[in-house]
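What follows is a short report on a single structure.
In what follows, chains are A, B, ... by sequence order, proteins preceding strands, each numbered from 1.
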Amino acid sequence: MKFLHLGKYPIKHQVVLIALITTTLGLVVALMLLVYSELQTAARVMQDNANVLTRLVGVNSTAAVSFQDPEAAQEIINALGSAPDVIAATLRSPSGSIFAEYHSAHPAHAEVLAIVEGHHDDADHPDAPFGSPRHPIGLLLGAPFLEIANPVLVGDRQVGTIEAYFDLTPLRNLVHKRILTASAVLLAASLLAWLLASRLQRLIASPIENLAQQMQRVSETRDYALRVSPDSRNEIGTLMDGFNTMLDQIEARDAQLRIAKEAAEQANQAKSLFLATMSHEIRTPMNGIIGMAELLAYTRLNTEQSRFVGHIRTSADSLLRVINDILDFSKLEAGRMTIEARPCDPRAIIEDITGFFLHQTIEKKLNLRCDIAPDLPARIEADPDRLRQILINLVGNAIKFTVQGEVHLKLEHQTEVLGERLAARLHFSVRDSGIGIEPAVLPQLFTPFTQADNSHARRYGGTGLGLAISHELVQLMGGKIGAESQPGKGSTFWFSVVVPILAAESAALAQPEPVAAGVVPDKPSLAGLNVLVAEDNAINQLLATMQLEELQCMATTVDNGREVLEQLARERFDVILMDCQMPLMDGYETTRRIRASEAEGERIPIIAVTANAMEDEREAALACGMDDFLTKPYSHAALQNALLRLARPGALAGQVHCD
Amino acid sequence: MRSLAAGLWLLLALSASPQAGDAGPTAFAETEVKAAFVYNFAHFVRWPEGNMARSGEPFRYCIFDDTLAALLAKAVAGETLDGRPLVVLRQPELRNLQECHLIYFGEQSVLGPMLQADVLRRLASSAILTVSDQPGFAARGGMITLVRKRGRIHPVINTDATERAELRISAKLLNLATLTRDGKGGAP
């Protein structure tokens, strides 16, 4: 059926069309055969009759011819006049002369009679062969008349010839009539077939249409609980059953997937909770170690003791970095890492880094070289903490894997247009003269938990997360990161980010956060500040007390939130250091209660202290009314700055550095 | 003239010789027509089975007329009737007449009227077709008389005589001919 191009029509039209075509074709063939065979029969009967008639006249006229009686012959031949389709007949002597003849007087025959007579003017007599073979109907329809000739025999001697001419008009009329009838039958039957098919197509088309509608509804509403009700037991019913079965399966799978998804989400939540708990549990003692080591460094120590304290600090820092790496990585993995955009000075970032690694390079006797393009924009919009984190990773690695030679840190830039704003493409690169990396390992460097060589991990330590974190951070910033290396000849790690350039005038507001380095000596005094420390861990209580004493503050410690409220009722404090996780009443609840009980215009500054480094922890703390946030372990300087910001705002205002 | 032309045509048809327009004396032409009639009667008359029993036996024309006999002999040469050869006997012996199938008594018959009547009487119940152009032949017991009518030769058939002889005349011939009875009854 391809030739009909039926595929583009709806099924109901196809069904009707097929029924119509089939019926019409069958009818045409049947009618053609029927009409043809009927006409053939009619032609045969007509010829047979004509033949018999002619032969009869011939036989009857033998005596008349034999005994030369033209009157008798005329009488016999005239009898042909009773046959309506005889036009003319001639009885001839063997020599061809006419013995008797008959011409029809019927007016309808006049025309053909003229043809017959004209025909005899230039033709032999008779020109039809004796024995009159039957002519096919096609030949008859084309001929003007039918001529039949028979010999007149007496015994086996021919005494004459009889020729008769028959009118073919009745046969032609019959043909016309039959063709007309057949056409009428065909038309009527096709009409009937069309009517029937139009009604019956619903049997086939409507279940299919129904199914198609149901399927569309299911796919539109995504309601897989819908079912098709099969109303027939044939293939369409099977199709509908199949569709229903598919819906069952989809529904079942949906349910399974929902369960699996819920399980996965639960597992993920459990993991996050575990990470948060672990982070808190580790940071709390780390706070003690780092804080105590710091405090110890301020006491009078001999050289050996100083070195030991230094080692404790370095080790604690390393451990803290590892914990931070793992936290960062799990944040990145959960997609919860956000990149900030705030004004900062790129040059300051590089200087921070060199300051940060100064001690290490000196210890390893390495040369840390730093190149900054002189026309570098002074103020950009970026996340300086993250940029610093990436650079610490790259430079830290370079120092770690370099035994001798130098580490070269370079910052180049290129001005670009980012939308309507002017932007700079910052290209950071860190080149070292270290051991280098095998080419085969290079592509895997930025995937997590991969180090150039497992033996390196043993020799040099590290989580193997640094580069993976850097890679993720650069991608979050919309930048690129890469590495080139040759074993034995050192490596170059680089990354580039496009950042908007800000006007240099407001650069004064940029506040490079001081890297942990000791207390800045010329800061305003916090002496006499009355601080309430809410902390359930005894070591951290002690640490906080000693740090505050170092800052010449007065410290009162309590173990939980309830004691805070009790203490506040008894005494007035300038500031509260509030640990968030405490037994009986946690820091959040305590803060909410304090804020609720405070009168108009009265507000005691509260600094949240928590071992949870997660971002949402800070938000939760600020949301319940706390004013600042310190993450354990916090440095001496961080505490000092927080206290200055909250308790001595006026004092600090005059002390702002302008770089 | 018309009868002459017709007679000539018939003769020509029989002899298949295309010599139309060769007009002869009237009497001769008439004899020719009569010869043709005599020849043709054999085709339109059926003899009883017994008479024709032996197949292959010739059909005998016994002619008491010299002119006609000659003409007929010419016409029958090589012809057959139902597979029988046709034989013309001129002025046959009287004792052999029983073997004839058809006897023609011409005007110039050698038999006298008395002898002829006697022969007819003797052959009355035999299956022999008797033909003559003598007037009153039927009344004397003859079967077919050739008469002149409207300028043409016309057969007159005595059906009583043919019935007596058990000869069956073809309806086609009966249609053309004038029928008569001799009053002596049909049955033998």
Side-chain angles (χ1 to χ4, degrees), chain A residues 51-83 89-102 120 123-127 130 149-164, chain B residues 2-21 29-30 32-34 36-46 59 75-76 78-84 86 131 144 146-147 149-157 169-178:
Chain A
N51 208 15
V52 166
L53 209 61
T54 311
R55 207 178 280 269
L56 212 61
V57 170
V59 167
N60 275 329
S61 56
T62 46
V65 172
S66 295
F67 302 105
Q68 53 139 28
D69 192 340
E71 283 87 4
Q74 192 64 49
E75 204 177 313
I76 292 164
I77 213 168
N78 277 348
L80 285 173
S82 60
T90 312
L91 194 60
R92 288 174 192 276
S93 66
S95 65
S97 57
I98 297 169
F99 187 64
E101 63 180 343
Y102 162 77
H120 276 292
D124 284 341
H125 306 292
D127 59 351
F130 292 149
N150 269 314
V152 178
L153 292 172
V154 173
D156 45 11
R157 181 199 290 270
Q158 185 186 348
V159 297
T161 313
I162 174 78
E163 300 158 30
Chain B
R2 181 159 180 190
S3 76
L4 176 69
L8 266 176
W9 163 73
L10 195 63
L11 191 77
L12 288 170
L14 289 169
S15 60
S17 85
Q19 290 180 332
E30 200 172 282
E32 269 194 299
V33 173
K34 287 172 184 171
F37 268 50
V38 170
Y39 168 81
N40 281 335
F41 282 141
H43 290 282
F44 291 92
V45 175
R46 182 164 294 183
F59 182 91
V76 302
E79 296 288 331
T80 56
L81 175 68
D82 297 336
R84 298 157 179 274
L86 298 171
V131 184
I144 300 177
L146 297 179
V147 300
K149 184 180 173 187
R150 276 181 286 161
R152 281 212 304 261
I153 301 298
H154 183 76
V156 177
I157 299 173
I169 313 294
S170 158
K172 292 181 229 168
L173 179 51
L174 290 176
N175 270 344
L176 295 178
T178 305

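- Atom-to-atom distance recorded for B:N175:CG and A:N60:CG is 8.5 Å, nearest 0.5 angstrom.
- You'll find the side chain of A:V154 reaches within 4.5 Å of the side chain of B:F44, heavy atoms only.
- Going from atom CZ of A:F67 over to atom CG of B:L146 covers 9.5 Å, rounded to the nearest 0.5 Å.
- In this structure, no portion of A:S61 lies under 4.5 Å from any heavy atom of chain B.
- Nearest heavy-atom pair, A:D69 versus B:R152, reported as atom, atom and distance to 0.1 Å: OD1-NH2, 3.6 Å.
- Counting non-hydrogen atoms of neighbouring residues, nucleotides and ligands closer than 6.0 angstrom, the CD atom of A:E75 reaches no more than 12 such neighbours.
- Scanning both residues, A:V59 and B:K172, for their nearest heavy atoms gives O-NZ, 3.1 Å.
- From B:N40, atom CG reaches atom CZ of A:R157 across 8.0 Å, with rounding to the nearest 0.5 Å.
- Taking every heavy atom of both residues into account, B:L176 and A:A72 meet most closely at CD2-CB, 3.0 Å.
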